[in-house]
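Residue numbering restarts at 1 for every chain, and letters A, B, ... go by the order of the sequence lines.
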Protein chains: 2
Amino acid sequence: MSQREKNYDTKELVNQLLKDIQQGVIQDAEGQLPTEPELMNQYHVTRYTLRQALKNLANLGYIYQAHGSGTFARPHHVEGAISLQNNVGLTEEMARQGKIIKTTHISQEVVPLAKADFIPENQTLDKATELISVIRQRKLDDEPFLVEHSYYLKSIVGEIPDRALKGSLFAFINQKPGLKVGFIDSVIECEMISGLPARFFNVPDGSPSLVVRDDSYLSSGKLFAFSKIFYDFRKTKFFMLKKMH
Amino acid sequence: MSQREKNYDTKELVNQLLKDIQQGVIQDAEGQLPTEPELMNQYHVTRYTLRQALKNLANLGYIYQAHGSGTFARPHHVEGAISLQNNVGLTEEMARQGKIIKTTHISQEVVPLAKADFIPENQTLDKATELISVIRQRKLDDEPFLVEHSYYLKSIVGEIPDRALKGSLFAFINQKPGLKVGFIDSVIECEMISGLPARFFNVPDGSPSLVVRDDSYLSSGKLFAFSKIFYDFRKTKFFMLKKMH
DNA sequence: GAGTGGTCTAGACCACGAA
DNA sequence: TCGTGGTCTAGACCACTCA
């Protein structure tokens, strides 16, 4: 538990608490963390900020809070699973688990909406809308992991430089003045694949794949991209924690 | 917008707002809702309660909030998808969409942990732990939809009467004194199926299926059940909204 | 009954979007 | 610049667990 002058905001507190939990310096032998008032004192935050941070850590599977009993570190959380509630993006999420996402192949071209392989559900876009079609093959720790096919609305994101394609495209968007990623609709389903994804995963055509259809919106609520991500189903688990009320 | 004396709590406010949005009596022609201060006045709640309710509605896909612009009803949310953030349970979630879950076949038996088809990840339970094994086949609007195989810890939940097996088992748990469902770890993956699920869905052995592995905990943090739900992948979409920060 | 987390109130200030 | 939602403070009271 580092001492510091400046107060933590929620995001900083999440990172600090996570570090302290992983180092085991905050929970006792049974895994119990200090009570909320104690944590408020130790990290110099109010209850609101503390509880926001604890909620994030619970969503990531690192702790749980038991009403009337206390807050506990979770002995093990699901190994190698992708948290659907991570709110940071895949690259950063995997980095947190000590794994590396690398983009191995990229292609980019401009197409009209009418020629797109798929379009967003329930969205009214003109057929002539110019889209930047980006296909990326990505490896997880040097193993084929996913094929991502994204369409970006050219009128919003402009040109995408090649160097931006190698890393996090959301980071590229966020860094552009006036653009900020707001929220993403995700639909998870199972689909048969053929062609590129099948070859990349080295499976026969007609094999199943875990597919995530994302519609991405700016914080203003405007759609700026939609994508389809094919995951190698043998290597992919999605994780989430559901709190009941 | 009904008038009422008693103040709304979050859950009530969610239901009332949802009703008002679906009836279209709260948003304007562009789908914009009143500002937060106005909503606070109209429903006689403080900002905290209001924002909790709005967050729930956003997670369910009914609205979005745009920083600096306002709150908007979403034109259409994904049709027939199961919200992963519903926090109520499948039966109630589908009822909200006007669909009906019916349980068509049930079997129940008591087995020791050692004989279970699968066990929770990273959990240390004694091999002799007595489990109630429940297999349910469930239809959605009279079409085969899922096969659920659950193991309940007999020492915690006791006997399960047959009538409870037909509906929501969580409702049965919650109604028992001293027991309350707290949180559920879900892992979503794609898996090949054979045997019962394949027959129920009328697909050949070796067909893929969307599978959800749930570990269910009481609010005290004690594991009380773990299950594997096989969904007919042709009829199943999971939905979630991810907010970026 | 004592101690824990869960919900709610009231209000301040900040960050963003659109004009 | 103004109006919007986002974050944070401070504190009250409630609900639950367990001895």
Side-chain angles (χ1 to χ4, degrees), chain A residues 6-14 27-28 30-41 43-58 63-72 87 156 173-174 176-183 217-222 224 243-245, chain B residues 6-14 27-28 30-41 43-58 63-72 87 156 174 176-183 217-222 243-245:
Chain A
K6 188 180 150 297
N7 283 354
Y8 291 99
D9 66 20
T10 303
K11 197 174 176 182
E12 294 164 341
L13 184 56
V14 167
Q27 63 270 45
D28 66 17
E30 285 78 37
Q32 181 161 11
L33 275 68
T35 65
E36 292 188 350
E38 285 167 353
L39 289 169
M40 287 162 64
N41 282 331
Y43 294 93
H44 305 294
V45 291
T46 59
R47 201 164 169 217
Y48 176 91
T49 307
L50 175 64
R51 283 176 63 75
Q52 292 279 333
L54 293 176
K55 195 203 300 175
N56 280 327
L57 290 170
I63 64 162
Y64 69 89
Q65 292 198 277
H67 193 179
S69 306
T71 303
F72 301 85
N87 78 21
I156 295 181
I173 304 282
N174 277 326
K176 293 197 83 162
L179 296 186
K180 193 156 172 261
V181 181
F183 56 93
Y217 296 82
L218 298 175
S219 59
S220 66
K222 275 206 271 290
F224 75 93
K243 253 199 143 174
M244 305 305 271
H245 305 290
Chain B
K6 190 182 149 295
N7 283 353
Y8 290 100
D9 67 19
T10 302
K11 198 174 176 184
E12 295 164 341
L13 185 55
V14 167
Q27 65 269 44
D28 66 17
E30 286 76 39
Q32 181 160 11
L33 275 69
T35 65
E36 292 188 350
E38 285 165 354
L39 289 169
M40 288 161 64
N41 281 331
Y43 294 91
H44 305 294
V45 292
T46 60
R47 202 164 169 218
Y48 176 91
T49 307
L50 175 63
R51 283 176 62 75
Q52 293 277 335
L54 293 175
K55 196 204 298 175
N56 280 329
L57 290 169
I63 64 161
Y64 69 90
Q65 292 198 277
H67 193 180
S69 306
T71 303
F72 301 85
N87 78 22
I156 295 181
N174 277 326
K176 295 197 82 161
L179 296 186
K180 194 160 170 257
V181 181
F183 56 93
Y217 296 83
L218 298 175
S219 60
S220 66
K222 275 206 273 289
K243 255 201 141 171
M244 306 304 273
H245 306 288

Side-chain donor-acceptor pairs of residues 50-57 of chain A under 3.5 Å, sequence neighbours excluded:
unit_1, atom_1, unit_2, atom_2, d
A:Arg51, NH1, A:Glu36, OE2, 2.7
A:Gln52, NE2, A:Tyr48, OH, 3.3

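- Taking both residues in full, the closest heavy atoms of B:Asn174 and B:Lys180 are given as OD1-CA, 3.4 Å, listed atom of the first, atom of the second, then distance.
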* To do: Mark up nucleotides 14-19 of chain C, 5' to 3', with B wherever a protein heavy atom is under 4.0 angstrom from a base atom, S wherever such an atom reaches only the sugar-phosphate, and - elsewhere.
  => -BBS--

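- The heavy-atom pair separating A:Gln27 from A:Leu33 by the smallest distance is CB-CD1, 3.8 Å.
- Heavy-atom minimum distance, B:Ala66 versus A:Gly221: CB-N, 4.5 Å.
- In this structure, CZ of A:Phe72 is placed 8 Å from P of C:dG5, rounded to the nearest angstrom.
- Within the 4.0 angstrom heavy-atom criterion, only backbone atoms of the sugar-phosphate kind lie near B:Lys243; the bases stay farther away.
- Taking each heavy atom of A:Phe183 and A:Leu218 in turn, the nearest pair found is CE2-O, 4.2 Å.
- Nearest heavy atoms, B:Thr49 versus B:Tyr8: CG2-O, 4.1 Å.
- Every side chain to side chain contact (heavy atoms under 4.5 Å, CB included) that B:Glu30 has, sequence neighbours left out, goes to B:Asp28.
- Taking every nucleotide of DNA chain D with any atom under 4.0 Å from a non-hydrogen atom of chain B, the first and last of them, 5' to 3', are D:dG3 to D:dT17.
- For B:Phe72, the ring-ring contact (aromatic ring centres under 6.0 Å, His included) partners two or more places apart in sequence, or in a different chain, are B:Tyr64.
- No more than 12 heavy atoms of other residues, nucleotides or ligands lie within 6.0 Å of NZ in A:Lys11, so this atom counts as exposed by the packing criterion.
- Using a 4.0 Å heavy-atom cutoff across all strands shown, A:Lys11 reaches no nucleic acid atom at all.
- Across residues 45-52 of chain A, A:Thr46, A:Arg47, A:Tyr48, A:Thr49 each have a non-hydrogen atom less than 4.0 Å from an atom of DNA chain D (numbered order).
- A:Gln65 contributes no side-chain N or O that, together with a main-chain N or O of A:Ala58, makes up a donor-acceptor pair within less than 3.5 Å.
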